[in-house]
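First up is the structure itself, then whatever we jot down about it.
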Amino acid sequence: MRRAFMEERYDAGSIEGKWQTRWEQDKTFKAQEDGREKYYLLEMFPYPSGRIHMGHVRNYSIGDVVARFKRLQGYNVLHPMGWDAFGMPAENAAIQHGTHPGKWTYENIDNMRAQIKKMGFSYDWDRELATCHPEYYRWEQLIFLKMFEKGLAYKKSSFVNWCPECQTVLANEQVENDACWRCGTEVEQKELEQWFFKITDYAQELLDDTYKLTGWPEPVLTMQRNWIGRSTGCEIDFPVVDSDVKIKVFTTRPDTLYGATFMSLAAEHPLASGLASADCKAEVEAFIARVRAQDKIKRTSDDFVKEGVFTGSYSINPVNGRRIPIYLANFVLMDYGTGAVMAVPTHDQRDFEFADKYGIPKVVVIQPEGEVLDPASMTEAWTGSGTLVNSGPFDGLDNETAKDKIAAYLEEQGVGSKTINYRLRDWGVSRQRYWGTPIPVIYCPQCGPVAVPEQELPVLLPMDVEISGEGGSPLAKHQAFLQVSCPTCGADARRETDTFDTFVESSWYFARYTCPRFDQGPLDRAAVDHWLPVDQYIGGIEHAVMHLLYARFFTKVMRDLGLVSQDEPFKNLLTQGMVCMETTSCPEHGWLYPEQVVAGKCTLCGATAKTGRNEKMSKSKKNVVDPDQLIASYGADTARLFSLFAAPPEKDLEWNEQGVEGCYRFLNRVWRAVYDNLERISGVAIPTSAEGAARDLRRQVHRTIKKVTEDIDGRFHFNTAIASVMELVNAIYGFEQRDEHPGCMREALETLVRLLTPFVPHMCEELWVCLGHQGGIEAAGWPTWDEAALVEDKKTIVVQVNGKVRGKIIVAADADDDTVQQAALEEGNVVRFLEGKTVRKVVVVPGRLVSIVAS
RNA sequence: GCGAGAGUGGCGGAAUUGGCAGACGCACUGGAUUUAGGAUCCAGCGGGCAACCGUGGGGGUUCGACUCCCCCCUCUCGCACCA
């Protein structure tokens, strides 16, 4: 091997630029379908806010280690990047700075692409997509049309947060203290016609399949299961006295049915107003108006008082004929169950308090074991198990059995049925926003809502709009967009002006990456079948429910539309922790940026800066580090290395400048290790065995290969992988026989460089050339370890006496248990501790320790 | 309130199956080198003079527990009148 020229000093800047250009020119990371085993690695794509932050650096560094590792192992890796490009911030920027949302977004994408490229991630940039591009959203519109055809997309009326000043719907997070975040006007609950996706049709499958997602973190699955919120129970019809009307209630406790002494309805219940008797009418109407005016935030706050109103009407408990009063109650929700509840004060705490407040009688129907409940002396409801009493033919049954028996009886009598209820609601996707995918629907005065014909897609989002920030969506004022003739009857009609929730775009982008330029449909079946599912998905825990649930739902819908074959989109999921940093503040100037603090003083006024707690990096708290500055000072490799070394990926990462310096120092150490030995190892071959100290070095080299391989593969413990490579570097520095064994030195150095490639690829490519190789380190593949090199001929065995370490012995690795035991009992210090005692028991754990019990 | 996760040196973190607690890094200390500082290299670094004590606290199982079981405390996250 020839000796290449090598700089003495590590210069990240020049190396990184050089290799990034090379990778781009050679299309090193282009994914093509071929015979190799595929591996689809995906990180959650970013919203193009303008600049990348440390969370991105961490997310994509983690992903890049896995992508490069799998590629080195010979997998055909798909590793794409793109932009979640629709959304409100673009409109807000337009309002504030007068820039068009499109211009703002595309400029941001250009900035962020450049920043990401400076990190040297191994993306196939030929597959880049942006969701605001018509070639993307046109296919989303088509999927919507198919869903509309199948009844999976439908329109219904629902209550939303509405700002009367801005004339628009507000998301929950845009409501601050019941007021609009922008203009401060009090938010109203407004009933609006909205488009919904029928995710509830898939509730059961979405729940069941969580048990198949063995590669997902358990907390995420739990959150999804809780969100879906399946509960089993009964629907029971209660006839209303002096009326043909029946009220259907949902209960999970049919075993308490005989104890129902009143009924409560949601204020929004369609029968609420009609049930009011003449003398209760005024009070009932006032109550309904009051409850409706309360927004959801107020209704769920701590100081919310449970209250209700008697309607004046009664219903009949179908099993015992008891006449029970019907109330309206503000804690009964219209959108769960049937909006009507049979109330059992003795066995439900809310009903208990309600009954006390309004003087409603209580009947005990479940007696717990070893206790006798008396309604008169009870201070709270009994919600545990027990035996049925006061329940006619069901007396004496335990309540779990009674649930089934009573349910069966109700079905037999035709007054009720077993049902399953879900907390999950259909997904409202309409947004009265401009910067989003237009919903491809036309409203005809004759035909009602009509789908835009497929051949007329895409419904393009017009670019020539005025964004004033007042008076709702600009689309509603755009005559050329608005006016259209009905595709069915040709009459003058009007386009839908709402756009999709941006979660719709992120629900199928992972599939589009497999065929981003396909122009015959949303997805090229051959490509999706080849690449899906995503083998490893990586992103923040904040998407545990919404995005991940919607993407799972969409995958099932696309399957049922014949677009994909998979049931689930993401085989394995890694949720990475947040990037945190210490906060600092000045009594005078509030939060301070790190560079505003010098020697513990505020640079603005000289006051002593106060160090606050560690919190998620955020602009508002000013505890941020700019990736560009980090790259400028240390290089991308150092930035990558630190974000991988400081903590395991799923935990929060505490950013710390000194830790970054430590990583930079380590890379310099690696560089110098190669530089200092280059002449020595020039032209030397790597041996397949060694003796003495050289053998120890060789053993450590191969042990490190094993450790790093196993730490990356599946375990994602990059911090420990890096730590073991640091140990190898320490061993290389400490290897005194470097002149006698240059071949072992070469093996150690080459292995070091190859093992670090997924973490710090620029430096490793450069060092690989310095070591005399051509063709790029990608071609070298991932090193494998030699089992023979791992074998030790001597082992250190720990000797415990009564559970405490009392000595260590060195024995031959193949020594049998008796020999080891004998040696242990003869060890000097052990003998001292055994003096005057009798050995009762000896446990020998081969290759590890000997435990002696003595008394 | 319900559900989930976590608690280890001055700090970030190791310990993969119940087997030497504290790998690796940071900070700190000492030494070498240097006119000096920085950089670098080498060494030390849980507490205690010691016997010993140490993984949030208390109990248990075991020859042996950071690891398994029971009770308690603290923190983080998610859901929250879900009938």
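Note that these values count all heavy atoms, side chains included, but never hydrogens, waters or copies made by symmetry. It should be emphasised that the depicted structure is a prediction, and the values quoted were computed from it without experimental measurement. Letters A, B, ... are given to chains in the order of the sequence lines, protein chains preceding strands, and every chain is numbered from 1.
Here the nucleotide nearest the side chain of A:P219, chosen from B:rA21, B:rG19, B:rA4, is B:rA4. Distances from the side chain of A:A723 to the nucleotides B:rU40, B:rA15, B:rC24 place B:rC24 closest. Comparing B:rC53, B:rG12, B:rG13 by their closest approach to the side chain of A:P648 singles out B:rG13. Counting only heavy atoms from C-beta on, A:K651 has its side chain closest to B:rG13 among B:rC63, B:rG12, B:rG13. Each of B:rC41, B:rC24, B:rA83 was ranked by its minimum atom distance to the side chain of A:M726; first place goes to B:rC24. Side-chain proximity of A:K808 to B:rC20, B:rC41, B:rA27: nearest is B:rC20. Picking from B:rG78, B:rC26, B:rC63 the nucleotide with the shortest atom distance to the side chain of A:N656 gives B:rC26.
Taking atom CH2 on A:W655 and atom P on B:rC26, their separation rounds to 16 Å, with Å as the unit. What separates NZ of A:K804 from C1' of B:rA51 is a distance of 11 Å, to the nearest Å. Distance, A:H717 NE2 to B:rG25 P: 19 Å, rounded to whole Å. In this entry the distance linking CZ of A:R848 with P of B:rU16 reads 9 Å, nearest Å. As a whole-Å value, the separation of A:R703 CZ from B:rA23 C1' is 13 Å. Note: OH (A:Y733) to P (B:rC24) measures 16 Å, nearest angstrom. The separation between A:R832 atom CZ and B:rA51 atom C1' is 11 Å, rounded to whole Å. Taking atom CE on A:M223 and atom P on B:rG3, their separation rounds to 15 Å, with Å as the unit.
Spacing between B:rG19 and B:rU67 at atom P, rounded to whole Å, works out to 11 Å. Of the C1' atoms belonging to B:rC28 and B:rC79, the separation is 45 Å, rounded to the nearest Å. Taking atom C1' in both B:rA83 and B:rA65, one finds a spacing of 45 Å when rounded to whole Å. Annotation: B:rU29 and B:rC45 have their C1' atoms spaced 8 Å apart (nearest Å). For B:rC42 and B:rG22, the C1' atoms lie 23 Å apart once the distance is rounded to whole Å. Spacing between B:rU61 and B:rA15 at atom C1', rounded to whole Å, works out to 22 Å. Straight-line distance between the C1' atoms of B:rG38 and B:rG78: roughly 50 Å, to the nearest whole Å. As rounded to the nearest Å, B:rC52 and B:rU40 have P atoms that lie 42 Å from one another.
Within 6.0 Å of NZ on A:K357 lie more than 12 heavy atoms contributed by other residues, nucleotides or ligands.
Between B:rA14 and A:R715, no contact under 4.0 Å exists linking OP1 or OP2 to a side-chain N or O. One finds a side-chain N or O of A:N730 lying less than 4.0 angstrom from the OP1 or OP2 phosphate oxygen of B:rG25. Here A:R423 reaches the OP1 or OP2 of B:rA80: one of its side-chain N or O atoms lies under 4.0 Å away. OP1 or OP2 of B:rC41 sits under 4.0 Å from a side-chain N or O of A:R669. Residue A:N719 places at least one side-chain N or O closer than 4.0 Å to OP1 or OP2 of B:rA14. Between B:rU40 and A:R9, no contact under 4.0 Å exists linking OP1 or OP2 to a side-chain N or O. For B:rA39, neither phosphate oxygen OP1 nor OP2 lies less than 4.0 angstrom from any side-chain nitrogen or oxygen of A:R672.
There is a side-chain donor-acceptor pair under 3.5 Å between A:Y422 and A:Q204.
The ring of A:F642 has its center no closer than 6.0 angstrom to the ring center of A:Y664. The aromatic ring centroids of A:Y358 and A:Y327 lie less than 6.0 Å from each other.
Counting any heavy atom pair closer than 4.0 Å across all strands shown, A:F645 reaches a base atom. At the heavy-atom level, A:D351 lies nowhere under 4.0 Å from the strands shown. Across all strands, A:V845 comes closer than 4.0 Å to base atoms (heavy-atom distances). Looking at heavy-atom distances under 4.0 Å, A:Q800 makes contact with a base. At a threshold of 4.0 angstrom between heavy atoms, the contacts of A:N226 are confined to the sugar-phosphate backbone, with no base atom among them.
Between the side chain of A:K707 and the base of B:rU16 there is at least one donor-acceptor pair of N/O atoms closer than 3.5 Å.
Nucleotide B:rC63 is matched to B:rG19 when pairs are restricted to Watson-Crick or G-U wobble geometry with both distances under 3.5 angstrom. In this structure, B:rU35 makes no Watson-Crick or G-U wobble pair, since no nucleotide meets both defining distances under 3.5 angstrom. Base-pair partner of B:rU55: not found among the strands shown (Watson-Crick or G-U wobble, both distances under 3.5 Å). Here B:rA50 sits opposite no nucleotide as a Watson-Crick or G-U wobble pair (both hydrogen-bonding atom distances under 3.5 Å). If you check B:rC77 for Watson-Crick or wobble pairing at under 3.5 angstrom, you find it paired to B:rG3. When both pairing distances are held under 3.5 Å, B:rG25 makes a Watson-Crick or G-U pair with B:rC11. Nucleotide B:rA83 forms a pair with no other nucleotide shown, judged by Watson-Crick or G-U wobble geometry with both contacts under 3.5 Å.
Comparing A:V843 and A:D711, the nucleotide of RNA chain B nearest to each residue sits closer to the 5' end for A:D711. Each of A:Y336 and A:G662 lies near RNA chain B, and the nucleotide nearest A:G662 is the one positioned closer to the 5' end.
Ring geometry for A:H543 against A:H547 counts as perpendicular: the plane angle is over 60°, on a 0 to 90° scale with 30° as the lower cut.
Between A:D351 and A:K362, none of the side-chain N atoms (NZ, or NE/NH1/NH2) sits under 4.0 Å from a carboxylate O, so this pair counts as no salt bridge.
For B:rG48, the base adopts the anti conformation, since its glycosidic angle falls more than 90 degrees from zero.
With a 6.0 Å cutoff to the six-membered ring centre and a 45° limit on the axis angle, A:R669 counts as a cation-pi contact of A:Y733.
The closest donor-acceptor contact from the side chain of A:N317 to the backbone of A:Y258 lies at 3.5 Å or more, if one exists at all.
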Practice item. Kindly indicate, with the supporting measurements, whether the criterion salt bridge (Lys or Arg N to Asp or Glu O under 4.0 Å) is fulfilled by A:D348 and A:R253. Key: CA-CA 10 Å; A:D348 181 285; A:R253 296 294 305 272; over 6 Å; no
